[in-house]
Structure formats: structure tokens, C-alpha cells
Amino acid sequence: MSYRVWAIRAGGESEADPLFIENGLLAVSFLSVNRDVSALPAQRAAFKAAFAEDCGQKASAIPIQAGQLFRFVHEMKIGDRVVYPRKIDRTLLWGEISTPYLYDRSTNPDFPHRRGVRWLKSLARDEFSQGALYELGATLTIFEIRNFISEFVRRFEPPAGAGESASALVEDDTQAVVARDIVETTRDFISKKLKTELKGASIEPFVADLFRAMGYNAHATRASHDDGVDVIAHRDELGIEPPILKIQVKAHGGNIGADLVKSFYAMIHERDVGIYITTGGYTASAREFARAKANLKLIDGAEFVGLVEKYYDGLDARFRKLIPLKRLLVPDFEQVE
């Protein structure tokens, strides 16, 4: 196969779809660089510098956006294939790139970076495996298809005399893998946000809010300088009925050792419950110590993420903004199996 296969989107709300379908153009926005970029040196650094000129651009977004536009201009070649996931009718369009890059603000100036395309075939999304569709679900505007390239080529351009390949609807062993991958990707996202957006003292009010979502009266103790205990939680309104939950939180990448756990437990009264939460893990000796204490609970990073998932809807809006999630229904293959 002498060509590469790319995927491209027509904007968040399919704004560029008429350009794609009626004008035979691939068109992308990237208005942070609203000029003809063909004059820039064919180097990623030059594209990054062009994006950096926009003062309103987030620094973290510059390499991603600059890399996409660079690929659109310089890495896409005439003759390469492109897949366009069309939201309007839930089809996949297969095309051949037919022109070099051009800058054109006519007919929809919000999508000025363009290339010509010759559409070759359209197929329903149902014709493809769940894995192939999942690869198309990347959040980028432009990206190269790698994992399921053979499936796309086989479906859109079957060898002469081979006839149409069997429909992916008959059997699709990628469905369970994709469903599990979505779950794991979500958990990875939550874990990363906990470690980056809620570092240090900011994680304590988050944990207090998480326990409120779980049905407790809870508050962070930093203002009262309650050394060693970061959050207090209780069921009754006055906070006098046992058990009182005393919680310590560590945004920690490694494993918490037994000495730290023992030091925390020394502050826990017999009628209280101590809860140690970390974004990392615990050593074997720390877990062994906790198993011997009926009123001590260790929550590691994985369990912490699980609690955030379970009680996410009850979190305060400011924390849901820091960890933005959307509820999705995915197949439960544990039930099927």
C-alpha cells in the first residue's frame, strides 16, 4: 500500500460539512493562525511559533494544534486516503486527497486551511468493528489511522475479484475490548486530574466534598490547624455521635509506608475511624498493619478514583469543572459473559 490513511473532522458541530460534501474540500479551522501557512518553513518549530503569537492560546495546546496543522500541510500527500466520520447521517466517507494545501477564506472563512478531496465511497458505521470506530473517536481534528488501517482499506477498497468482505455485524471481538478501554481511559483521566489539578492542600476540600456526596457531614480541617487530620466526617449534624471519621489525604505518586500509617493511626481514638487516602499505593507492611486494625481503612489511588466515579454527580460544580466528565452508557460484557 503506497498511501497513508488519515481521519478528519468537519468541526465540532459539522460546520464545514458543506465544504466537504458540496465543494470537495477538506477544511480545518485553527484560527489562531489565520493566514497562509505554506510560506512558513516546513518545520514543526515554525508552526509552534506561529501559534504562540496568539496571546489567548493555552501554552499546553500549542504543540497539539501546531502538530495537526503541520501534518495537514506537509505530511498529507496527494493520493493519501482520508476517512471522514459524518455525524449528519452516521456514515464514513472514504476519499483521496487531490490537491496540495491551499488557504482560502471564501464560502466559510472560519475554515480557511483546505485541501481538495475526491470522495470514493460511503459506508454505514455499522459496517465496521467497534475497535475501528473507537479509533475514529480520537479528540483530534486530524490524525493518522494506524491500528485498524487494514480494516478500513479492506472495506472501502477490496481487492479486485474479492467481492465485499463479510459484514462486521456478524462477529466483532473488539467490542468488549473497546468497552473496557473506555472505562480505563476514564479512570486514567480522573487519576491524572487528581494529581495535577488537586495537588497539595487543594485536595483536602475536594475529599471533604466527596464525603458530603457520600452522605456525610464533612469539612476540611486546614483552617483549624488540626495536624495530621485533613478532613473530619460524621453522619449526625452536630458531629458528636460516633463513629467520627478522621481522614488524612496524600497526593502521592509512590507507595505510603507503614511508618506514616502508624503515625496517623496514633491520633485515632478507639471510637473513631481513621481513613488514609492516597493517589498512589501502600507498601505491603502498611497494608498488613491496617488489616490488624478494625477502625483503620486504607484507600489507594484506584479505590479513590472509583469513589469519584461513583459519587461524581453529587460533587460541587467547581470540582466537576476541574474533572469534567460526561455520563455514557457502554456495553457491560461482564454481564454478557
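What you are looking at is a predicted structure, and each value in this text was computed from that prediction instead of being measured. Numbering of residues begins at 1 and proceeds along the displayed sequence.
Under a 4.0 Å N-O distance rule, the pair R114/D104 qualifies as a salt bridge.
The line from CD1 of I21 to CH2 of W119 is 6.0 Å long, rounded to the nearest 0.5 Å. Note: L93 CG to K121 NZ = 12.0 Å, rounded to the nearest 0.5 Å. Rounding to the nearest 0.5 Å places CG of L298 at 10.0 Å from CD1 of I275. The OG1 atom of T141 sits 7.5 Å away from atom CZ of R9, with the distance rounded to the nearest 0.5 Å. Of the inter-residue distances, the one linking S150 atom OG with I145 atom CD1 reads 11.0 Å to the nearest 0.5 angstrom. Within the model, atoms CD1 of I232 and CG of L245 stand 8.5 Å from one another, a figure rounded to the nearest 0.5 Å.
Under a 3.5 Å cut-off, the side chain of N217 and the backbone N or O of D236 do form a donor-acceptor pair. Of the possible polar contacts, one joining the H113 side chain to the V33 backbone as a donor-acceptor pair under 3.5 Å is found. With S29 contributing its side chain and D110 its backbone, the two residues share a donor-acceptor pair below 3.5 Å. Looking at N255, its side chain never comes within 3.5 Å of a backbone N or O of T283 through a donor-acceptor pair. For R81 (side chain) and W6 (main-chain N/O), no donor-acceptor pair under 3.5 Å exists by modelled atom type. Side-chain N or O atoms of T279 include none that pairs as donor or acceptor with a backbone N or O of K195 at under 3.5 Å. The backbone N or O of S38 lies less than 3.5 Å from a partner atom in the side chain of D36, making a donor-acceptor pair. Counting only distance, with no hydrogens or angles, the side chain of N295 and the backbone of D272 share a donor-acceptor pair below 3.5 Å. When atom types are taken as modelled, the side chain of D80 and the backbone of I97 share no donor-acceptor pair closer than 3.5 angstrom. Checked by atom type and distance alone, the side chain of E135 pairs as donor or acceptor with a backbone atom of R146 at under 3.5 Å.
Between L322 and F206, the closest side-chain pair of non-hydrogen atoms is not below 4.5 Å. Taking 4.5 Å as the limit, every side-chain heavy atom of V229 sits out of range of all side-chain heavy atoms of Q248. The side-chain heavy atoms of I268 and L296, taken from C-beta on, include no pair separated by under 4.5 Å. The side-chain heavy atoms of I247 and V249, taken from C-beta on, include a pair separated by under 4.5 Å. Counting only heavy atoms from C-beta outward, the side chains of K246 and H269 approach each other to under 4.5 Å. Side-chain contact between F30 and I142 is present, with at least one heavy-atom pair separated by less than 4.5 Å. The side-chain heavy atoms of V117 and Y84, taken from C-beta on, include no pair separated by under 4.5 Å.
The aromatic ring centroids of H74 and F47 lie less than 6.0 Å from each other. Proximity of the aromatic rings of F128 and F156 is defined here by a centroid distance below 6.0 angstrom, and this criterion is met.
Note on V207 and I244: separate hydrophobic clusters, where clusters join Ile, Leu, Val, Met, Phe, Trp and Tyr whose side-chain heavy atoms are under 4.5 Å apart, directly or indirectly. Criterion: ILVMFWY side-chain heavy atoms under 4.5 Å apart, direct or through other members. Under it, I190 and I203 are part of a common hydrophobic cluster. Taken together through direct or relayed side-chain contacts under 4.5 Å among Ile, Leu, Val, Met, Phe, Trp and Tyr, M214 and I299 form part of one hydrophobic cluster. Hydrophobic clustering (side-chain heavy atoms under 4.5 Å, transitive across Ile, Leu, Val, Met, Phe, Trp, Tyr) keeps Y3 apart from V73.
Atom CZ of R318 sits in a crowded spot, with more than 12 heavy atoms from other residues, nucleotides or ligands closer than 6.0 Å. Counting non-hydrogen atoms of neighbouring residues, nucleotides and ligands closer than 6.0 angstrom, the CD atom of E288 reaches no more than 12 such neighbours.
Looking at N34 and Y103, their side chains do bring a donor and an acceptor atom within 3.5 Å of each other. Side-chain contact check for W94 and E157: at least one donor-acceptor pair (N or O, by modelled atom type) lies under 3.5 Å. Judged by distance alone, the side chains of E151 and S129 do bring a donor and an acceptor atom under 3.5 Å apart.
For G11 against K87, the heavy-atom pair with the smallest separation is O-NZ, 4.4 Å.
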